[in-house]
Amino acid sequence: MTKHKPNGAASIQAERVARSIQKASKQVKRNRKPSGSRRRDWLNDLDKLDELDLPEAERVMPRGERERRQVVLSMALANLGEKANVDGEPAPEKAAGQQGIVVEVSSSLCRVDLDGRSVVCGLRGSLSSHDTGFTNVVAVGDHVIVSEDGSGRGVVDKVLPRHSALTRPDVFYGHLQQVIVANAGQLLIVAAWREPPIWLELIDRYLIAAERHHLAPIICVNKIDLAQDVQACQAEMQPYLDLGYRVIWTSALTGKGVRELHEALQGRTTVLAGVSGVGKSSLLAAVQPGLQLRTRTVSGHSHEGRHTTSQVTMLRLEAGTFVVDTPGIREFGLSGLERRELARFYPEVTAAASGCRFGDCSHTQEPSCAVAKAVEQGRISAARYHSYQKIYFSLSDRAT
Ligand code: GDP
Ligand code: ZN
């Protein structure tokens, strides 16, 4: 790759970029611990902008360094309102790119939502997953810059830095991570009160998955119209309220709670979780009447979702509001979790554990277990303790 020596108008441009990079770097630094002199060297050397052009040198960078530089560079360019020029190519004309959000991905194409318009896009050849340390270049939820040439197809020129990434080990390269969903902020756990009956252990599994993947959980108990005794239903969920979780009671049939659910989703990207039949599609249709829900395949509705783990689709409810349906969350949510780590995801267990006789008490069968005692005394929910034990024995002794 040839290097560019800025001159004339280009050097003014380079100066602006340099200033912007310094500003962006400060923004990034504010959120990170300083680490090592190499980073400072790079920033002190901003007049040598073409260092960004040295892929060979970058290959030996410390882990995460290249990604950090890209974050700084992208932020700087975003601040300038310009299209990224990471490859050192002459900056294209302004307005060449539009920002959109990836709503579907296949092997070499993706579908991008550009302000409500859906455009099928290829990927610019220079985009490489090596830049990010993940095995896929784009994922559902990615914010991207797209250019269109009027042919009806677009090209993704750039993937903007991710705020968050829901990942799992790559199927073929187990030591690398695959991004399943980018930039999601919350997990909506949908359960039905009846038909199918509420399954608290699954709610707990999803709560653990949410915590592990840094998604804020919301529990939605649907089909409340089928509850003969609404108070009993609320009492069943009381332990979750006591722990500070948000619970929304809804009925897609009567419209109860739909407004609250709508408000909870607005302006966010939400991953949906819940077994088939609990009313996820009905709720989305109630939240956004007229929404074009994709008809899912028979296998997509299968109880275990075994054949559809990579099938991820994102729906745009309205501007800035997206929901992601990923059957995979159920499988990868707890993958690699060790038994001894489980208590960390049960705050009430952790709080009681200091009173156990053994420091390494598993709270499943040991004598003088303060957790078991708290359950007997009704200070810890018996249902939560039951799910703790079930999940505990389903986990491996050592992380795989
Ligand atoms: P999904 O598989 O989670 O998307 O569930 P669906 O939205 O397809 O709903 C499954 C079944 O439950 C359908 O027959 C719906 O009509 C019904 N259903 C959905 N929400 C409610 C609700 O709030 N109350 C009642 N009584 N039935 C509902
Ligand atoms: Zn114990």
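FYI, the numbering just counts along the sequence from 1. Atoms within each ligand, like the ligands themselves, are counted from 1 in listed order. All values below were derived from every heavy atom in this structure, side-chain atoms included, with hydrogens, water molecules and symmetry-related copies excluded.
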Using heavy-atom distances only, which candidate in [options] approaches [atom] most closely?
atom                    : options                        : answer
atom 7 (O) of ligand 1  : Ser282, Ser251, Ala285         : Ser282
atom 18 (N) of ligand 1 : Lys256, Glu195, Arg194, Lys223 : Lys223
atom 23 (O) of ligand 1 : Gly255, Ala252, Gly257         : Ala252

>> Check contact between Ser276 and ligand 1, using heavy atoms of the residue and a distance below 4.0 angstrom.
In response: yes
>> Using the side-chain hydrogen bond (donor to acceptor under 3.5 Å, both in side chains) criterion, which residues pair with Gln238? Sequence neighbours excluded.
In response: Asp242
> In ligand 1, which numbered atoms sit nearer than 4.0 Å to a non-hydrogen atom of Leu226?
Replying inline: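 Counting atoms of ligand 1 from 1, those under 4.0 Å from Leu226 are 26 (N).
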>> Within ligand 1, which atoms have a heavy atom of Asp225 less than 4.0 Å away?
In response: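 Selected atoms, number and element: 22 (C), 23 (O), 24 (N), 25 (C), 26 (N).
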> Do Asp142 and Arg162 have side chains that get closer than 4.5 Å, going by heavy atoms?
Replying inline: yes
>> Below 4.0 Å, non-hydrogen atoms only: which portion of Asn222 touches ligand 1? Side chain, backbone, both or neither.
In response: side chain
>> With rounding to 10 degrees, what does the angle His363:ND1 / the Zn ion (ligand 2) / Cys356:SG come to?
In response: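 Between ND1 of His363 and SG of Cys356, at the Zn ion (ligand 2), the angle is about 100°.
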>> For the residue pair Thr135 / Gln178, report whether a side-chain donor-acceptor contact shorter than 3.5 Å exists.
In response: no
> Is there a donor-acceptor contact under 3.5 Å linking the side chains of Asn183 and Thr269?
Replying inline: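 No - no donor-acceptor pair under 3.5 Å links their side chains.
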> Which word best sums up how the rings of Tyr240 and Tyr245 line up, parallel for under 30°, tilted for 30 to 60°, or perpendicular for over 60°?
Replying inline: tilted
>> According to salt bridge (Lys or Arg N to Asp or Glu O under 4.0 Å), who are the partners of Arg384, at least two apart in sequence or on a separate chain?
In response: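 Partners of Arg384 under the salt bridge (Lys or Arg N to Asp or Glu O under 4.0 Å) test: Asp204, Glu348.
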>> Which heavy atom of Asn222 sits nearest to which heavy atom of Ser251, and what is that distance?
In response: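 Between these two residues, the closest heavy atoms are OD1-CA, 3.5 Å.
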> N/O of Gly277 under 3.5 Å from N/O of ligand 1, yes or no?
Replying inline: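 Min N/O separation from ligand 1 is below 3.5 Å for Gly277.
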